[in-house]
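Every chain is numbered from 1, with letters handed out A, B, ... down the list of sequences.
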There are 2 protein chains.
Amino acid sequence: MVTGSKELIRDINMNLVLETIINNTAISRAAIAKHLGLTKATISAIVQELINKKLVIEIGSDDTNLGRKPILLSLHKKAGFVICIDIGVDTISALVSDLIGEDCSLKQIKTPKNTSNIVSVLIDLIESMKLPKDTPYDLVGITLGIHGVIANNQVSFAPYYNLSGINIAEGLESHFNAPVYLENEANLSVIGEKTFQYDYANIANISVHSGIGLGIIVNHQLYTGYNGRAGEFGHTIIEIDGRQCPCGNQGCFEQYASERNLLREYSKMKNTEEQNFEQFRAAYEAGDPDANKIMDDFVKYMSIGVNNILNAYNPDIVIINSSFTIFFPHITEKIEAALTSRMNSYIRIVPSVLQDTSILLGGICVAIKGFLGVDNLKLNHIDLRG
Amino acid sequence: MVTGSKELIRDINMNLVLETIINNTAISRAAIAKHLGLTKATISAIVQELINKKLVIEIGSDDTNLGRKPILLSLHKKAGFVICIDIGVDTISALVSDLIGEDCSLKQIKTPKNTSNIVSVLIDLIESMKLPKDTPYDLVGITLGIHGVIANNQVSFAPYYNLSGINIAEGLESHFNAPVYLENEANLSVIGEKTFQYDYANIANISVHSGIGLGIIVNHQLYTGYNGRAGEFGHTIIEIDGRQCPCGNQGCFEQYASERNLLREYSKMKNTEEQNFEQFRAAYEAGDPDANKIMDDFVKYMSIGVNNILNAYNPDIVIINSSFTIFFPHITEKIEAALTSRMNSYIRIVPSVLQDTSILLGGICVAIKGFLGVDNLKLNHIDLRG
DNA sequence: ACATTAGTTTATTCATCAAATCAATTGAAA
DNA sequence: TTTCAATTGATTTGATGAATAAACTAATGT
């Protein structure tokens, strides 16, 4: 039970001050006081505490044309570092980052066939990376991106690899002495998009890959549902008695709109085995009518999915993350144009900007938020492939 | 911006104390202190303030077998009263209630064809009712249930009557000098169910009538989305290129599962005009095979809708409110059995208990919550037709 | 009389606020 | 060039109010 106390108000105000400093990059005490509506005395006291904790540093003064020059404050971005590891079906990707998502380093390995000793694989991976040295806090959090359902920081269901029953978090926590956060990949994606790109209160982020997942932000917070299964949007039904899905349903959305199924349809048309996305893309750009038909299907099915999201969640914005939107970003305009309901007011439908980095960047945010205690983090996007 | 301050502490703790008193019906200061983890001194001070404000009364002592007998505290349920008016397509229903949803009185009138002077119609209706007298606060809130979309406490879209552009809230507020809350009917329903019946953190409440609406509770709070259109679940698509819907889409859920459409299908089978639900019900109970087929369709379509809700929202519980569930409550078991996905873990699917009173009772809760400032209200259900 | 539980009183702590003060800077008047 | 008013930033000081701990009073049964 959260009751009111002196400690609570200090907590609230300290987090707000820290949040203000981070989200404004460089700001003075006076400006923070004005922004938050607290007195300068209060802000000075809180800032002193943050400086003592080595979370905030003074970075010189600003150029103003009247009165005493303000001392600019900034997050001490090298106070510690965080790690996100995306455990993909084929590849495990690890990203080390400072506290603002800058100065990252990436390493990738093959996902082992047998995942029973995943904890030691991850420990070896982390220890093989170049980690920042001599920081006040060192490693302050690890996030694991999982292709599956998470409940109580454990994998409760994963279709592509067997991680259920293994207590990954505890294993890593005791070895690195830092909190470990497990989260679904689609959920990390939406956190990444919100933090680095689209700072809205309510967001729906569709991740279309082999399956289809939906990351949901409600009132600035990730929504995961009763037991972590919110956003299993690929298994909503869009066709009565439709195509059989391995999940047991007929007519699941991902039997129509997922990359895997669209490529399968394309391969059928071509009477070949397993066309990959690159082949499809080349054919499409060469004007191949079959590829064109597949693209039309993608637009048609996605517009149904988007319609269902709008009428169910009514988010501020819908973000689509898929190979299709990576290579043909303007496809979202076609999807928007294909919406038929006149009940939908104008809502932005946009392609992901972070693309395949959204999971890792989202994971970085989770660990940073956990360490700093900041509710609503805003950071600048740094393109990893720049 | 909500910053920490002394007032905030008092606010938080006062609301918690009030909430504890309401939700426990009768409780002592010592028990509140234990329940909230605050000291007895704090609780005594807050309770004194609440008694001074005439919101809480002492109602004698409890029977214990050792030590001083505790003084039981209770909400002063006659400190004021609230009103909810459900503006239905055919009927306007008004309910006056004390502060715990007991001691209600109901009045119904026909909805006027022309709703341009709706404000004066509502004023006349309220003034024609027997209202409690000589209470400390008198009328403390009015909730209006609207069959349409609400944004910023105004009607932004209503399919069955024209209320857009009329500032109903302001008109009533200035006349009665009490806050007026506008809310969608499906949203009021889910608030009613949560407060009086199913106290879960995440709830999806399907209201099936002429259309299909969904009231959504996320983290104990109503979720309405970016511009109040969350839960327009009747216009999610369950059939690609399916039945034409007036909204412009093809294959909307409510073209299959709404009462109106099922009765229309039934009438077609019978080659008669406009069978009503009573006729259908009689035929079904007499074993009519056509009626049986319609019932099977309802189960089939609803199981698709429920599947989509489970995979999108993953709520703690799904509540279904319709004529079908009122007269055949066990139908929810059939709907549950018709779910085909093996990915769905066990989630309760239940018929509404409040049935057609859920809107009015939900509206009462909104006004009470607004007056008392209590976040998480729990009340006991009083059956209006008892 | 004593153990036990309920509720109140009192002194202390701590985070906020308002106001005064100190600090630093500009620019115009002397 | 010097001086000083104006301005803005940051700190210090005393007051306020709400929570706490601990001591106290109140009531009750054995």
Roughly, in whole Å, what's the span from [atom1] in [X] to [atom2] in [N]?
| X | N | atom1 | atom2 | answer |
| --- | --- | --- | --- | --- |
| D11(A) | dT16(C) | CG | P | 11 Å |
| D62(A) | dA10(D) | CG | C1' | 15 Å |
| I51(A) | dA10(D) | CD1 | P | 11 Å |
| K34(B) | dT4(C) | NZ | C1' | 13 Å |
| L8(B) | dA18(D) | CG | C1' | 12 Å |
| L50(A) | dA15(C) | CG | P | 13 Å |
| R10(A) | dA18(D) | CZ | P | 18 Å |
| I9(B) | dA19(D) | CD1 | P | 6 Å |

Quiz item: Toward the 5' end of DNA chain C, which comes first, G37(A) or T64(A), by nearest nucleotide?
Solution: G37(A)
Quiz item: 5'-most contact on DNA chain C: M14(A) or E58(B), nearest heavy atom basis?
Solution: E58(B)
Self-check item: S28(B) side-chain N/O to dG7(C) phosphate OP1/OP2 under 4.0 Å
Solution: yes
Quiz item: Are N13(B) and dA19(D) close enough that a side-chain N or O sits under 4.0 Å from OP1 or OP2?
Solution: yes
Quiz prompt | Lys/Arg-Asp/Glu bridge criterion (N-O < 4.0 Å) met for R29(A), E58(A) | solution = yes
Quiz item: Charged N to carboxylate O below 4.0 Å: is that the case for D103(A) and K77(A)?
Solution: no
Quiz item: Taking C-beta and beyond as the side chain, do T143(A) and V82(A) meet within less than 4.5 Å on heavy atoms?
Solution: no
Practice problem: Between P70(A) and E49(B), just flag the one whose closest nucleotide in DNA chain D comes earlier from the 5' side. | Solution: P70(A)
Classify the side chain of [X] and the base of [N] as holding, or not holding, a donor-acceptor pair under 3.5 Å.
| X | N | value |
| --- | --- | --- |
| K6(A) | dT13(C) | yes |
| K69(B) | dA27(D) | no |
| R68(A) | dA24(C) | no |

Check every atom of [options] against the side chain of [X] and return the nucleotide holding the closest atom.
| X | options | answer |
| --- | --- | --- |
| K40(B) | dC17(C), dT8(C), dT20(D) | dT8(C) |
| R29(A) | dG7(C), dT16(C), dT11(D) | dT11(D) |
| I46(B) | dA18(C), dA19(D), dA10(D) | dA19(D) |
| T39(A) | dT7(D), dA15(C), dA18(C) | dA18(C) |
| A30(B) | dG7(C), dA19(D), dA15(C) | dG7(C) |

Self-check item: Verdict with supporting geometry, Y313(A) and Y313(B), ring-ring contact (aromatic ring centres under 6.0 Å, His included)
Solution: CA-CA 9 Å; Y313(A) 293 104; Y313(B) 294 102; 4.9 Å; yes
Practice problem: Check whether any side-chain N or O of K369(A) sits under 3.5 Å from a backbone N or O of N376(A) as a donor-acceptor pair, and report yes or no. | Solution: no
Quiz item: What about the rings of Y200(B) and Y226(A), do their centers lie closer together than 6.0 Å?
Solution: no
Under 4.0 angstrom, heavy atoms only, what part of the nucleic acid is [X] near: base, sugar-phosphate, or nothing?
| X | answer |
| --- | --- |
| T42(B) | base |
| I43(A) | nothing |
| S44(B) | base |
| A41(A) | base |

